[in-house]
> 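Sharing a structure, written as structure tokens. Questions coming.
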Amino acid sequence: MTSDSPSPLDEITPASVTSNDVDETSVRTALSSLNPTVRQRGVEVCETLATVDVNAVRPVLDDVAALAADDNVAVSLRAFAVLDAVAEREPSALDGKLVGTVSALDSEIVDAQLPEQRSSGHSS
């Protein structure tokens, strides 16, 4: 993971980001940050981008998939949300990217739910 200087996505609002607002280097830097808050912001940006255009996150899908096993539960859950968004729109984009996520499925994170799952009554 990289050392932290000013966060590359500080000026970005994850919920309304577009692919024109960020570059791959900034997203990759956020995803590899030592700071879990910065990593979480990075995966939140990826989640928003993936819901609009899978190609916008395709270059960083390996990084996102690796974060599914992150020690920080919030980061891990958001990474799974990105992978889920990609799987819904273009499943083939995940070919060869999910090998590292298997270890995360064997952790306590599996028992957690994303906020929208709790509010809609779905369970994992």
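Given the structure is predicted, the values throughout are model-derived calculations rather than measurements.
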> Any side-chain heavy-atom pair from L31 and V60 closer than 4.5 angstrom?
yes

> Quick one: CG on L94 to CG on D62, what's the gap to the nearest 0.5 Å?
10.0 Å

> Would you name the heavy atoms of S76 and A69 that are closest together and state the gap between them?
OG-N, 4.3 Å

> Given 3.5 Å as the limit, does a donor-acceptor pair link the side chain of T29 with the main chain of T25, or not?
yes

> Would you compute the distance between atom CG of N72 and atom CG of L67 and round it to the nearest 0.5 angstrom?
10.0 Å

> Answer yes or no: is there a side-chain heavy-atom contact under 4.5 Å between D23 and S26?
yes

> Taking the side chain as every heavy atom from C-beta outward, state whether L83 and V86 have any pair of such atoms under 4.5 Å apart.
no

> Is the backbone N or O of S16 less than 3.5 Å from a side-chain atom of T48, with the two atoms forming a donor-acceptor pair by type?
no

> Given side chains that start at C-beta, do those of T13 and D21 come closer than 4.5 Å, heavy atoms only?
no

> Please confirm whether the backbone N or O of N35 pairs with a side-chain atom of S33, one donor and one acceptor, at under 3.5 Å?
yes

> Could you report the tightest heavy-atom contact between A30 and P8, atom names first, then the distance?
N-CG, 3.7 Å

> Start with the C-alpha gap between V22 and L49, add the side-chain angles, then the distance that decides, and say whether side chain to side chain contact (heavy atoms under 4.5 Å, CB included) holds.
CA-CA 10 Å; V22 294; L49 293 174; 4.0 Å; yes

> So if I apply the side chain to side chain contact (heavy atoms under 4.5 Å, CB included) rule between D70 and each of R78, R39, Q40, which one comes out positive?
R39

> A side-chain contact here means heavy atoms from C-beta on lying under 4.5 Å apart; do V57 and L61 qualify?
yes

> Find out whether T51 and R89 are in side-chain contact, i.e. whether some heavy atom of one side chain is under 4.5 Å from a heavy atom of the other.
yes

> Can you tell me how far CD of E44 sits from CG of L9, rounded to the nearest 0.5 angstrom?
10.5 Å

> Kindly say whether R28 contributes a backbone atom to a donor-acceptor pair with the side chain of S32 at under 3.5 angstrom?
yes

